[in-house]
Each structure stands twice: as C-alpha cells, then as structure tokens.
Number of protein chains: 2
Amino acid sequence: MVDSVKSPDELTDIFRARGLKVTPQRQLIFRVLHDELRHATAEAVHARASRDMPTMSLRTVYQTLNDLAAMGEIVQLDLGTGSSRFDTNLDAHQHLVCAECGSVRDIVVDSADIELAEATLEGFAVSSTDIVFRGRCASCAAGARSDVPSTPPLSEETATHA
Amino acid sequence: MVDSVKSPDELTDIFRARGLKVTPQRQLIFRVLHDELRHATAEAVHARASRDMPTMSLRTVYQTLNDLAAMGEIVQLDLGTGSSRFDTNLDAHQHLVCAECGSVRDIVVDSADIELAEATLEGFAVSSTDIVFRGRCASCAAGARSDVPSTPPLSEETATHA
DNA sequence: CCGCTGTTCTCAACGATTGTCAACAACGTG
DNA sequence: CACGTTGTTGACAATCGTTGAGAACAGCGG
Ligand SMILES: [Mn+2]
Ligand SMILES: [Mn+2]
Ligand SMILES: [Zn+2]
Ligand SMILES: [Zn+2]
C-alpha cells in the first residue's frame, strides 16, 4: 500500500547493478533508512549510524543520501527548517511541519483539489506540487508555550510520534 | 485590490513610529522594494541599491529586510532556491517556480480547495499553507533545453515578466 | 591473493546569513 | 543650529549546512 524506501537487500542489488560498490557504510545507512528514520536530516542519519559505526563520516552519509536521492530511492525535501530532510516515503504526499518542535508528519492532499486554472498558468508546466502546512503539532500545543520555536531545528520526526 | 508593500513614505512613518531611524539606506531599500523588485533575494536588493549608493553593505540590506519582514511589511519566502526571497505581495498566494531559470510567479489558489480532513490533522493546528508549484516556465519551454537547470539560481523574478 | 576502481575519510572551501563592534549619523533637545 | 544620545552602518569574522579535493583504502572480478 505504501511505496516506501526499498529494503537494504534490494538497495544492495540496485547499487551492484549500477556498478556501485556495497560497503558496510552504505549497508548501515540502508538499514537506518529502512528501519528507523522517516524524515531524517543527514546529520540525524549520521548520528544514528555512528552509534553502530563510530568511524562513519558525515561526508559519506551525504554522499550516500545524495546517491539514493538521485536514483529516486528516497526524496530530498526542503521544508524550510534549515537543512534538507530525506524522505523514505515515496508516495505523493505533503507535510505538516511544526513551527515549534520542527516535527514532520506526512499528509495526503487530494491533488485533484488543487486544480489550477489553465489560463492562470500561462504556459507554465507544473511538474511537482510541494505543499507544506506549517503550524503547531498536538504535542506542542499540549506542553505549550506560545512564543518562539523553543526547540531548535531537530534531527528527525521528533518525539511526537509515540 | 492588491495588498502590496507600502510606499516609502508610509514605511518611513512606520519606522519612525517604532523609534527606528530612517536612514538614506533604508529609504533607498524602501524605494527599491516598492518600485522594482518583487521576489528579490537580499543579494538582488543589494545589487540594485548599490547602483544608487555604492557604499551600501549587504549586511544593511539583510538587516532592513529582516526588520520589514518582522513587521509584516514584506514576506520572507523559502522557495528552495538556495536563498530567501522577500515578497512584496502581501496577499495570500502561492508561487510558480521555474526549475530551469528560477523565475518566480504569483498564483492564487483558492484555499477552500485545500481542505484537510480534520481527522487527519490529529490536533495539528495549521497556521499557514505554503504551496510551491515547481516546473518550467513558458519562456524556458520556448528556448528550451530539457536537461539541467542551466541558469544558476537567479536574483529575481527573472526576465520572463516582459 | 592481485589489482583496478570506486569509496571513505579528513580537511578545507563554499554560499547564505548573522554576530561583533567601533565609527557614525538621525533626530529630539536646548 | 550645535549637541549628545541612541540606534545604525559597514567591515570582518564566524556560523551552518553542504560540497570539493586528494590520499589512503576496500569491494569485487580475475
Ligand atoms: Mn514525507
Ligand atoms: Mn509572491
Ligand atoms: Zn511540535
Ligand atoms: Zn524559466
């Protein structure tokens, strides 16, 4: 039902098929993406991977994430939170971004709802529609202090999802 | 009919009212924003302003743009093009961003079209909806080479608008 | 087990933006 | 209109996320 990131094994095959080598670093990143992180920053992936492989460099994480994104196995997002997020959900969808804690949640908006009048497009060919709903998540509304985004830009689909 | 950036005179009054000093630099920036630039980067504003006042520093431009944005006199946008754009159009609207030349065009999407099922929100309070349609503008489609975004991130609502 | 390639790692550079702070100018006051 | 206070400017360094370079290194086919 969901078109999510492929399994480490599948990604391994894909990399091999492209003549790319399958290193322990890459395998670890595959696993992290598949099993744990949803909208992770490179930093977050690195932090998680470093636990299992302390020598893992941030550079390698960026490299592999970029490779995966280039192959379309993950999607690079710019949600305006400072750093890129890498989305393992490949289905067409949009995001709810909490202005306070920075958590990211998937949401599906019927694209039929966003019909643009052809006339107003004036020849512009839309190839993708990025919608970001900004606001405050439930958990922030609960503990809430209404002022500034307290928690600095976070590293992942924060807390919240429990 | 359009809620656009206020006139230099009005902005002058607003700044004075807040105890902020009205310097020639600021006045120049007010004029540039009001008369010329629509979705300018700080760099673009600086380039334009520097023509009339060569000593103008980029730092001052950032400062003033941030001040104006903080007061709600302009809107800071992150369209994923590398640097912030400052929008002088204060009406609720969205953007068409050309992947090739980076041009930005306003477009109005009936927000009623984007009704989110309350249920799916699960307590998330949406405060703003940012929609960015990415694709290729008419003029790029005309001269078009279909590959990479040739023209690097631009400085403004490029060419196109003639 | 060998070697060719593609990889990893370290470290420096990058672009956009902000912090710092001394020199400076706006503007209310006398 | 000169004066002093206070906010502002401009030069410069620092920050953050990300990428470039190059040498050491490890897949993987032979
Ligand atoms: Mn997502
Ligand atoms: Mn606009
Ligand atoms: Zn939150
Ligand atoms: Zn274009």
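By convention in this document, chain letters (A, B, ...) are assigned in the order of the sequence lines, proteins followed by strands, and residues within each chain are numbered from 1.
Here Leu90(A) pairs with Asp3(A), Val75(A) under the side-chain contact (heavy atoms from CB on, under 4.5 Å) rule; sequence neighbours left out. Remark: Gln25(B) pairs with Thr23(B), Met53(B), Met56(B), Thr60(B) by the side-chain contact (heavy atoms from CB on, under 4.5 Å) rule, at least two apart or across chains. Judged as a side-chain contact (heavy atoms from CB on, under 4.5 Å), and not counting sequence neighbours, the contacts of Asp52(A) are Leu28(A), Arg48(A). Shown here are the salt bridge (Lys or Arg N to Asp or Glu O under 4.0 Å) partners of Asp78(B), two or more places apart in sequence or in another chain: there are none.
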In a table with atom names and distances, give each donor-acceptor pair under 3.5 Å that connects a side chain of residues 5-15 of chain A to protein atoms at least two apart or in another chain.
from     : atom 1 : to       : atom 2 : distance (Å)
Lys6(A)  : NZ     : Glu73(A) : OE1    : 2.8
Lys6(A)  : NZ     : Glu73(A) : OE2    : 3.3
Ser7(A)  : OG     : Glu10(A) : N      : 3.1
Ser7(A)  : OG     : Glu10(A) : OE1    : 3.2
Glu10(A) : OE1    : Ser7(A)  : N      : 3.0
Thr12(A) : OG1    : Pro8(A)  : O      : 2.7

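Below the 3.5 angstrom threshold, one finds no donor paired with an acceptor across the side chain of Arg18(A) and the base of dG6(C). A donor-acceptor contact under 3.5 Å links the side chain of Arg59(A) to the base of dG20(D).
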Audit row: Gln27(B), Arg31(B), side-chain hydrogen bond (donor to acceptor under 3.5 Å, both in side chains) steps and yes/no: CA-CA 6 Å; Gln27(B) 292 178 306; Arg31(B) 258 177 283 131; 5.4 Å; no
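Residue pairs satisfying the salt bridge (charged side-chain N to carboxylate O under 4.0 Å, His left out) criterion with at least one member in residues 15-28 of chain B, sequence neighbours excluded, are listed as follows: Arg26(B)-Asp67(B). For residues 81-106 of chain B, the pairs satisfying ring-ring contact (aromatic ring centres under 6.0 Å, His included) are His39(B)-His95(B), His93(B)-His95(B), with sequence neighbours left out.
The Ser83(A) side chain lies nearest to dG17(D) when the options are dC11(C), dT8(C), dG17(D).
One end of the helix from dC1(C)-dG30(D) to dG30(C)-dC1(D) points its axis 20° away from the other end's axis, with each axis taken from 5 pairs and the angle rounded to 10°.
Of the residues in residues 20-34 of chain B, Leu20(B), Lys21(B), Thr23(B), Gln25(B), Arg26(B) come within less than 4.0 Å of DNA chain D through at least one heavy atom, sorted by number.
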